[in-house]
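Written out below as structure tokens is the structure these notes cover.
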Number of protein chains: 2
Amino acid sequence: MLSPTEENYIKTIYALEIGAKKRVSTNLIAEQLETKASSVTDMIKRLAEKDLLVYEKYRGVKLSPNGKKMAARIVRKHRLWECFLVDKLHFSWDEVHDIAEQLEHIQSEKLTEKLASFLDYPSVDPHGDPIPDKFGNIIEVKQIPLATLEEKEESVLLGLKDSSDDFLKYLNKKNISLGKKIKVISIEPFDRSMEIELNNQLLSITEAVAKNLLVKER
Amino acid sequence: MLSPTEENYIKTIYALEIGAKKRVSTNLIAEQLETKASSVTDMIKRLAEKDLLVYEKYRGVKLSPNGKKMAARIVRKHRLWECFLVDKLHFSWDEVHDIAEQLEHIQSEKLTEKLASFLDYPSVDPHGDPIPDKFGNIIEVKQIPLATLEEKEESVLLGLKDSSDDFLKYLNKKNISLGKKIKVISIEPFDRSMEIELNNQLLSITEAVAKNLLVKER
DNA sequence: GATTATTTTTAGGTCTGTCTAAAAAAATAT
DNA sequence: ATATTTTTTTAGACAGACCTAAAAATAATC
Ligand SMILES: [Mn+2]
Ligand SMILES: [Mn+2]
Ligand SMILES: [Mn+2]
Ligand SMILES: [Mn+2]
């Protein structure tokens with residue numbers, strides 16, 4: 001049985017080591033968790049003791065198979081609760097993260113599975129992120145940044161690279177949501193900004209935005 | 001912002017001072033929370049500091065108006081979540097208490113209200129206990145023990161005096177659940193055990209059981 | 001009313017999770 | 001290869017939530 005704090009460490013390390021090839025550094029974890037490097041050192045020692053990660057002084061950490069399983073379970077709960085909040089309670093996608101951050105720590109296998117069933121086993125959360133199954137396996141649907149499409153190409157918006165509050169609010173304002181069809185009308189060579197068609201309307205977006213919108217692979 | 005532990009203390013004191021006329025004693029709280037009297041002394045000092053209760057050395061505590069409001073909010077969340085677990089996720093009424101014990105500490109006004117709306121503003125939880133409204137007011141429906149009824153009287157089962165696991169499991173076994181019509185067929189003068197009609201069947205229950213079943217007042 | 005028994009509080013520890021400041025190791029620059 | 005900068009760890013402290021054992025206050029009994 002892990003404390004919510006321990007779970008947050010495990011989850012954070014899990015997220016940090018996706019993509020990053022090498023072991024996760026103390027400072028990175030500290031930054032992510034908005035705490036001090038010394039606190040991180042304390043905690044990772046304890047987590048290593050519990051066999052949730054492998055730690056070598058000055059060399060950073062990586063999750064053990066055990067730790068990975070734990071992390072996936074927490075992520076599963078987080079994303080299932082986000083689905084619940086949006087689909088059943090009609091929260092908007094920019095309101096659910098902080099609440100799910102609490103709900104992900106509720107301890108009950110049975111609750112998680114009944115919740116998944118109640119939601120009809122969704123495969124992605126409201127931000128397009130994949131939901132691990134009960135064994136911790138993730139079926140990643142290949143998503144590419146909208147910015148990689150050429151003029152005249154079209155695709156479907158499936159996910160977001162950045163799910164920050166500001167970005168979600170921007171998308172709300174522009175009426176951009178997951179599942180919508182997007183067609184690239186033109187790309188401005190000067191700044192790589194894009195003219196796109198969405199909701200049968202023309203919309204101009206910066207390259208930064210286009211890089212954060214993930215669409216279905218051709 | 002209170003910690004889950006502080007919230008559990010407040011909620012426990014709230015429950016203990018219902019009925020009990022005098023201030024709640026240190027030992028009673030300790031017993032209820034399965035902790036030591038010295039720990040209780042520590043905590044009630046802190047809660048008094050935060051103006052959630054009034055504490056006089058050796059004289060016990062009583063909740064302040066502030067503390068009462070907090071307590072009612074926690075109870076509201078606990079019982080709403082129990083409704084959710086039973087009505088939406090199809091848990092049985094004997095499985096929900098421990099999970100609600102965790103969920104009651106989730107901090108989000110908006111979540112609580114959206115949950116209440118999603119459940120169509122239930123007035124009682126799966127054990128027949130009243131759900132405070134968002135201002136902390138409770139509409140107590142008068143309930144009397146089945147044991148007070150006379151032969152040939154009938155009523156409806158509305159609540160339980162004791163919601164312990166063992167009692168709930170007993171009720172499951174006998175197929176007794178809230179909302180059912182109960183008719184007293186006969187009362188045995190020797191031990192006050194009762195013959196009752198329920199689900200169109202005859203059933204014999206001890207006086208202890210009859211005292212724990214609460215029915216609608218005549 | 002003095003003597004017990006019970007309840008409650010205090011004193012002093014432990015464990016978790018955090019912090020700051022200082023020391024040590026590793027990475028980078030010269 | 002040395003010196004400097006950056007990262008990481010250690011040392012020591014503190015607050016919250018708990019514990020046991022002892023002391024103090026209150027309640028019960030004779
Ligand atoms: Mn969290
Ligand atoms: Mn999400
Ligand atoms: Mn609780
Ligand atoms: Mn209940």
Side-chain angles (χ1 to χ4, degrees), chain A residues 1-14 16-17 20-63 67 70-71 74 101-102 104-105 107, chain B residues 1-14 16-17 20-63 67 70-71 74 98 101-102 104-107:
Chain A
M1 186 93 313
L2 300 182
S3 72
T5 310
E6 289 172 316
E7 292 196 337
N8 285 337
Y9 270 86
I10 293 293
K11 198 186 58 160
T12 298
I13 295 165
Y14 181 74
L16 288 175
E17 73 185 12
K21 282 284 147 293
K22 341 181 287 162
R23 274 172 288 193
V24 179
S25 77
T26 305
N27 259 5
L28 232 181
I29 299 169
E31 190 187 342
Q32 197 67 19
L33 255 34
E34 298 184 82
T35 185
K36 294 298 151 79
S38 53
S39 303
V40 173
T41 304
D42 274 6
M43 181 58 95
I44 58 186
K45 278 177 179 170
R46 259 180 288 136
L47 294 175
E49 204 59 50
K50 294 190 182 181
D51 210 50
L52 292 161
L53 48 79
V54 178
Y55 166 52
E56 211 182 324
K57 260 187 171 186
Y58 293 101
R59 292 277 115 95
V61 298
K62 72 162 197 259
L63 290 182
M70 271 296 325
I74 304 163
E101 205 56 45
Q102 300 177 60
E104 71 189 358
H105 304 292
Q107 302 286 358
Chain B
M1 186 93 313
L2 301 182
S3 72
T5 311
E6 289 171 318
E7 291 196 338
N8 284 338
Y9 270 86
I10 293 293
K11 198 186 57 159
T12 298
I13 295 166
Y14 180 74
L16 288 174
E17 74 184 11
K21 280 289 148 288
K22 342 181 288 163
R23 275 172 288 194
V24 180
S25 77
T26 305
N27 258 5
L28 233 181
I29 300 169
E31 192 187 340
Q32 197 66 22
L33 255 35
E34 297 184 81
T35 182
K36 294 300 152 76
S38 53
S39 303
V40 173
T41 303
D42 273 7
M43 180 59 94
I44 58 186
K45 279 177 179 171
R46 259 181 287 138
L47 295 175
E49 204 59 52
K50 294 191 183 184
D51 210 51
L52 291 162
L53 48 79
V54 178
Y55 166 52
E56 211 181 324
K57 260 188 171 184
Y58 292 102
R59 292 277 113 95
V61 298
K62 72 161 197 263
L63 290 183
M70 270 297 324
I74 303 163
D98 290 352
E101 205 57 46
Q102 300 177 61
E104 71 189 359
H105 303 293
I106 302 293
Q107 302 287 357

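So you know, we letter chains A, B, ... as the sequences are listed, proteins then strands, and number each from 1. The shown structure was predicted, so the numbers you read here are calculated from the model rather than taken from an experiment.
The stretch residues 52-59 of chain A touches DNA chain D through A:Y55, A:K57, A:Y58, each having a heavy atom within less than 4.0 Å of the strand.
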B/S/- contact track for nucleotides 11-18 of chain D, protein heavy atom under 4.0 Å: -----SSB

Could you give the side-chain donor-acceptor pairs of residues 42-54 of chain B under 3.5 Å, partners two or more places apart or in another chain?
from	atom 1	to	atom 2	distance (Å)
B:K50	NZ	B:E6	OE1	3.4
B:K50	NZ	B:E6	OE2	2.8

Under 3.5 Å, which donor-acceptor pairs do the side chains of residues 7-14 of chain A form with other protein atoms, sequence neighbours left out?
from	atom 1	to	atom 2	distance (Å)
A:E7	OE1	A:H105	ND1	2.7
A:E7	OE2	A:Q107	NE2	3.0
A:N8	OD1	A:H105	NE2	3.0
A:K11	NZ	A:E101	OE1	3.2
A:K11	NZ	A:E101	OE2	2.6
A:K11	NZ	A:E104	OE1	3.0
A:K11	NZ	A:E104	OE2	3.0
A:T12	OG1	A:N8	O	2.8

Name each donor-acceptor pair under 3.5 Å that joins a side chain in residues 23-34 of chain B to protein atoms two or more places apart or in another chain, with its distance.
from	atom 1	to	atom 2	distance (Å)
B:R23	NH1	B:E56	OE1	3.1
B:S25	OG	B:L28	N	3.2

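Residue A:N27 places at least one side-chain N or O closer than 4.0 Å to OP1 or OP2 of D:dT8. Neither OP1 nor OP2 of C:dT7 sits under 4.0 Å from any side-chain N or O of B:S25.
When the C1' atom of D:dT7 is taken as reference, atom CD of A:E31 falls 13 Å away, rounded to whole Å. The separation between B:L28 atom CG and C:dT8 atom C1' is 13 Å, rounded to whole Å. Between the P atom of C:dG17 and the CG atom of A:L33 lies a distance of 12 Å, rounded to the nearest Å. Whole-Å rounding puts the A:K22 NZ to D:dT8 C1' distance at 14 Å. One atom, CG of A:L47, and another, P of C:dT16, lie 12 Å apart when rounded to the nearest Å.
In terms of heavy-atom proximity, B:L2 sits nearest to B:M70 at CD1-CE, 3.8 Å.
With the end axes of the helix from C:dG1-D:dC30 to C:dT30-D:dA1 each set by five pairs, the angle from one to the other reads 0° at 10° resolution.
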